[in-house]
Enquirer: 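Please see the structure below; I have some questions.
Computed from a predicted model, the values in this text were never measured in an experiment. In what follows, chains are A, B, ... by sequence order, proteins preceding strands, each numbered from 1. Values below: every heavy atom of this structure, side chains too, minus hydrogens, waters and symmetry copies.
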Amino acid sequence: MSPTDGSPTRSPPVDPDTVAAPEFLPDPTLSRAEMESLQRELAATATFADDHAIEPAAVAIDEPADLTDGLPPARANASDADSRIDPDRPAGPDPNAPVVVGVDQAFLTPEDGADRAVSAAVAVRDGVVTEYASATTPLSIPYIPGLLAFREGEPVLAALDALDAEPDLLVCDGSGRIHFREAGIATHVGVLLDVPSVGVAKSLLCGDPDESTEERPEGWRTPVRADDSVETAAARSAADSDDAPVIGHAFQSRQYPNSRRVNPLYVSPGHRVSAETTVGLTDALCAGYKLPEPTRLADASADAAKRERD
DNA sequence: GCGACAG
DNA sequence: ATCTTGTCGC
């Protein structure tokens with residue numbers, strides 16, 4: 001992009017050199033058919049099995065962040081200097097703990113006709129926020145079920161680009177393997193960056209839960225299997241619907257004792273994580289609220305960033 | 001043609 | 001996702 005050619009300059013939302021698989025960038029100018037075929041190639045590249053890199057216990061969060069008085073400040077790693085300066089000061093995060101990054105978007109009110117997304121990425125290590133990053137990105141296409149990554153992919157990547165920390169695990173808002181072509185936004189971003197990722201959705205895009213999801217107690221879970229809308233080979237070749245592959249789980253992360261109003265989460269592997277471990281990771285990352293802490297923090301961060309920028 | 005559909 | 005205060009229930 002030459003500064004002398006008179007064309008409007010705009011820094012690219014993502015530097016292709018920083019992504020592991022630039023051929024999978026979610027280009028929103030592709031045709032619908034091209035988007036779908038890109039997702040098929042993406043799913044073939046994705047790994048829905050454990051990487052041996054992240055274990056739920058290593059990322060467990062015990063205390064939920066108090067958001068009543070704004071976002072908690074980002075903190076530096078624990079070091080010997082901390083205790084020398086002030087022995088009473090709470091220790092910073094364990095520098096050896098994995099970095100979990102939650103990402104979420106908020107949307108600016110379309111004043112003209114141009115929709116823009118404010119995306120936030122929050123790095124959490126050892127249960128402590130270590131960094132916040134956000135980015136404002138133009139949205140090229142409307143929301144289309146099954147093609148969410150082509151609307152929100154660039155915003156997510158832009159926020160991750162602005163983050164200094166290197167994620168060991170990505171927690172995305174939306175599905176991963178629970179997707180018509182097993183390539184939801186969590187899978188898309190995970191493969192693109194070749195980082196372990198999980199998808200956490202508040203509603204079900206496709207698939208069939210083994211059991212009814214009504215009135216379930218906290219901690220309850222049931223497999224979600226591929227249904228007819230999932231066009232994957234393994235999904236199509238299943239003899240009975242009972243043998244259809246498990247593409248994710250419905251997981252009740254929170255519930256009230258004498259009420260039945262909270263709906264379950266729908267969690268699925270993004271990349272380099274199994275369906276089983278995805279539930280374990282989500283469970284470990286929840287600290288009393290329905291959403292995993294990284295997602296809850298990213299949610300609040302995106303809202304805060306939105307207010308500042310409009 | 002009808003239904004179903006993450007954010 | 002977003003437009004939005006109070007309010008019913010634990």
Enquirer: So which of A:Arg216, A:Arg221, A:Arg225 actually passes salt bridge (charged side-chain N to carboxylate O under 4.0 Å, His left out) with A:Glu211?
Expert: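 Between A:Glu211 and the candidates, salt bridge (charged side-chain N to carboxylate O under 4.0 Å, His left out) is satisfied uniquely by A:Arg216.
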Enquirer: For A:Asp104 and B:dA6, what is the distance between atoms CG and P respectively, to the nearest whole Å?
Expert: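 Going from A:Asp104 (CG) to B:dA6 (P), I get 16 Å.
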Enquirer: Measuring to OP1 and OP2 of B:dG7, would you say a side-chain N or O of A:Lys202 lies under 4.0 angstrom away?
Expert: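 For B:dG7, OP1/OP2 do have a side-chain N/O of A:Lys202 under 4.0 Å.
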Enquirer: If we ignore angles and hydrogens, is there a donor and acceptor under 3.5 Å between the side chains of A:Thr222 and A:Asp210?
Expert: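 Not at all, the side chains of A:Thr222 and A:Asp210 share no donor-acceptor pair under 3.5 Å.
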Enquirer: Give A:Leu139 one of three labels, base, sugar-phosphate or nothing, depending on what nucleic acid heavy atoms sit under 4.0 Å from its own.
Expert: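 Since no nucleic acid heavy atom lies under 4.0 Å of A:Leu139, the category is nothing.
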Enquirer: Is the closest side-chain donor-acceptor distance between A:Asp51 and A:His271 under 3.5 Å?
Expert: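 On atom types as modelled, these side chains do not qualify, holding no pair under 3.5 Å.
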Enquirer: Nearest whole Å is fine: how far is B:dA6 P from A:Ile178 CD1?
Expert: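 After rounding, the reported distance stands at 12 Å.
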Enquirer: Under 3.5 Å, is there a donor-acceptor pair between the A:Ser37 and A:Glu34 side chains?
Expert: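 There is no such pair (donor and acceptor under 3.5 Å, judged by atom type) between the side chains of A:Ser37 and A:Glu34.
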Enquirer: Rounded to whole angstroms, how far apart are CD on A:Glu231 and P on B:dC5?
Expert: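 It is 18 Å, rounded to the nearest whole Å.
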Enquirer: Classify every nucleotide of nucleotides 3-10 of chain C by which part a protein heavy atom approaches to under 4.0 Å, writing B for the base, S for the sugar-phosphate alone and - for neither, in 5'-to-3' order.
Expert: S------S
Enquirer: Working to the nearest 0.5 Å, report the span between CZ of A:Arg181 and SG of A:Cys206.
Expert: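 Going from the CZ atom of A:Arg181 to the SG atom of A:Cys206 covers 9.5 Å.
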Enquirer: Roughly, in whole Å, what's the span from CG in A:Leu205 to P in B:dC5?
Expert: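 Taking atom P of B:dC5 as the reference, CG of A:Leu205 is at 9 Å.
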Enquirer: Send over the distance from A:His188 NE2 to B:dG7 P, rounded to a whole Å.
Expert: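 Taking atom P of B:dG7 as the reference, NE2 of A:His188 is at 18 Å.
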Enquirer: Is the side chain of A:Thr187 donor-acceptor paired with the backbone N or O of A:Gly270 at a distance under 3.5 Å, no angle test?
Expert: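 Yes, A:Thr187 side chain to A:Gly270 backbone: donor-acceptor pair under 3.5 Å.
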Enquirer: Any idea which heavy atoms bring A:Val224 and A:His249 closest together, and the distance?
Expert: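 Minimum heavy-atom separation between A:Val224 and A:His249: CG2-C, 3.8 Å.
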Enquirer: Select base, sugar-phosphate, or nothing to describe what A:Ala106 touches, counting heavy atoms under 4.0 Å on all strands.
Expert: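 Contact class for A:Ala106: sugar-phosphate only.
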Enquirer: Round to a whole Å and report the spacing from CG of A:Asp227 to C1' of B:dC5.
Expert: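 Going from CG in A:Asp227 over to C1' in B:dC5 covers 11 Å.
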Enquirer: Centre-to-centre under 6.0 Å for A:His188 and A:Phe150, is that the case here?
Expert: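 Yes.
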Enquirer: Check every strand shown and say whether A:Ser203 touches a base, only sugar-phosphate, or nothing at a heavy-atom separation below 4.0 Å.
Expert: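 Sugar-phosphate, backbone atoms only, no base.
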Enquirer: Whole-Å distance between B:dA4 P and A:Tyr143 OH?
Expert: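 Rounded to whole Å, this separation is 15 Å.
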Enquirer: Classify A:Gly199 by what it touches in the nucleic acid, base, sugar-phosphate, or nothing, heavy-atom distance under 4.0 Å.
Expert: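 A:Gly199: no heavy atom of the nucleic acid under 4.0 Å.
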Enquirer: Fill in the dot-bracket string of DNA chain C, one character per base: . for unpaired, | for a pair to another strand, ( ) or [ ] for pairs within the strand, taking Watson-Crick or G-U pairs under 3.5 Å.
Expert: ..........
Enquirer: Taking the six-membered ring of A:Tyr289 as reference, does the cationic atom of A:Arg254 (NZ for Lys, CZ for Arg) lie under 6.0 Å from its centre and within 45° of its axis?
Expert: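 Satisfied, under 6.0 Å and within 45°.
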Enquirer: Round to a whole Å and report the spacing from CZ of A:Phe180 to C1' of B:dA4.
Expert: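 One finds 7 Å between C1' of B:dA4 and CZ of A:Phe180, rounded.
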